[in-house]
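Notes follow once the structure below has been shown.
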Amino acid sequence: MTSTFPNISISTERLVLRPFDEDDVPALAEMMNDEQVIAWTTVPHPYTEAHAHEWITRSAPDERTGGRGIVLAVTEFLTQRLVGTVHLKNTDRRIRSSEIAYVIAPWARGEGYASESVLAIAEWLFHDQKFERLELRTAAGNTASQQVAQRIGCISEGVLRNAWIARARTGNGYWTEVRTDVILWSLLPEDLAGVGEQQAAHDGFTSYPDWN
């Protein structure tokens with residue numbers, strides 16, 4: 001097994017998962033400034049186009065070349081508009097396991113894009129790369145992301161207590177950090193049997209990736 005993932009694109013009925021390019025900077029910055037993304041991820045706030053440019057040109061490519069994972073932009077097939085991103089991270093090639101995180105833009109939620117993109121990369125990871133396990137971690141209060149995990153066939157393995165720091169609005173409108181439990185989910189190749197790409201109409205917005 002090679003030490004890095006190939007530089008690939010994955011197509012589904014409605015989506016294309018591809019490497020980011022610099023033209024994606026404005027759309028990525030806009031997406032990462034959404035309040036739900038701020039609440040459940042570690043993205044800087046405010047998230048500037050400079051942050052997006054650094055992620056696209058340095059951090060995301062380093063994930064692949066460093067053997068840690070792969071970052072893909074999720075775009076609509078017909079419009080080529082950026083609808084989100086998926087990120088394989090914390091990859092362990094010895095045990096053939098990786099963790100997935102994702103973000104869906106606020107305007108694209110409710111279309112099933114999170115389920116479709118996660119299933120697409122899971123199928124590629126299991127069938128093409130011969131991996132045996134995919135993990136997903138969701139904050140205890142992130143019910144939309146938990147629904148995505150259930151929809152794609154993930155199995156809940158338990159709760160990691162006080163394992164994450166989320167952000168919440170205070171009464172005066174400022175953001176504050178709050179500790180939260182994390183639900184650990186897993187997906188194995190056999191879990192994909194009978195799970196289609198098109199799922200229920202309402203989709204979640206984000207897992208809780210360590211975006212920098």
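Because the structure is predicted, anything quoted here is derived from the model rather than measured. Start at 1 with the first residue, then count along the sequence.
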Side chain to side chain contact (heavy atoms under 4.5 Å, CB included) between L184 and R137, worked out: CA-CA 5 Å; L184 174 63; R137 301 182 182 214; 3.8 Å; yes
Drop me the distance from [X]'s [atom1] to [Y]'s [atom2], to the nearest 0.5 angstrom.
| X | Y | atom1 | atom2 | value |
| --- | --- | --- | --- | --- |
| D21 | T57 | CG | OG1 | 11.5 Å |
| L134 | E123 | CG | CD | 11.5 Å |
| R133 | L187 | CZ | CG | 10.0 Å |
| I152 | D191 | CD1 | CG | 9.5 Å |
| R18 | I8 | CZ | CD1 | 12.0 Å |
| I183 | T138 | CD1 | OG1 | 4.5 Å |

Assess whether atom [atom1] of [X] is packed by more than 12 heavy atoms of other residues, nucleotides or ligands within 6.0 Å.
| X | atom1 | result |
| --- | --- | --- |
| E76 | CD | yes |
| Q80 | CD | no |
| R161 | CZ | no |

Group every Ile, Leu, Val, Met, Phe, Trp and Tyr by side-chain heavy-atom contacts under 4.5 Å, then state whether [X] and [Y] land in the same group.
| X | Y | answer |
| --- | --- | --- |
| L72 | V16 | no |
| L192 | V118 | yes |
| V148 | I155 | no |

Side-chain heavy-atom pair [X], [Y] within 4.5 angstrom cut-off:
| X | Y | value |
| --- | --- | --- |
| M32 | P44 | no |
| T91 | R68 | no |
| S145 | W185 | no |
| E63 | F5 | no |
| N162 | D181 | yes |

Check: [Y] main-chain N/O paired with [X] side-chain donor or acceptor under 3.5 Å:
| X | Y | answer |
| --- | --- | --- |
| R64 | T4 | no |
| N90 | S98 | no |
| R167 | E35 | no |
| R14 | L78 | no |
| R96 | E132 | no |
| Q146 | A140 | yes |

Side chain to side chain contact (heavy atoms under 4.5 Å, CB included) between E22 and H53, intermediate numbers included: CA-CA 7 Å; E22 292 189 52; H53 186 269; 3.0 Å; yes
Pair E111 + R81, salt bridge at N-O below 4.0 Å: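 No, no charged N to carboxylate O under 4.0 Å.
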Hydrophobic cluster of W175, others only, ordered by chain and residue number, side-chain cut-off 4.5 Å: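 Grouped by the 4.5 Å side-chain rule, I38 form the rest of the cluster around W175.
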Nonpolar side-chain network containing L188, other nodes, edges under 4.5 Å: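 None, because no other hydrophobic side chain comes under 4.5 Å of this residue.
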Heavy-atom pair with the smallest gap, counting every atom of [X] and [Y]:
| X | Y | result |
| --- | --- | --- |
| V103 | V37 | CG1-CG2, 3.7 Å |
| I121 | L17 | CB-CD2, 4.4 Å |
| S117 | V86 | OG-CG1, 3.8 Å |
| M31 | G84 | SD-CA, 3.6 Å |
| V71 | H87 | CG2-CD2, 3.5 Å |
| A139 | W164 | CB-CD1, 4.5 Å |

Centroid separation Y47 to W55 less than 6.0 Å: no
Between Y113 and Y102, ring centroids under 6.0 Å: no
side-chain contact (heavy atoms from CB on, under 4.5 Å) involving T48 - partner list, sequence neighbours excluded: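 Per chain and number, T48 pairs via side-chain contact (heavy atoms from CB on, under 4.5 Å) with A50, H51.
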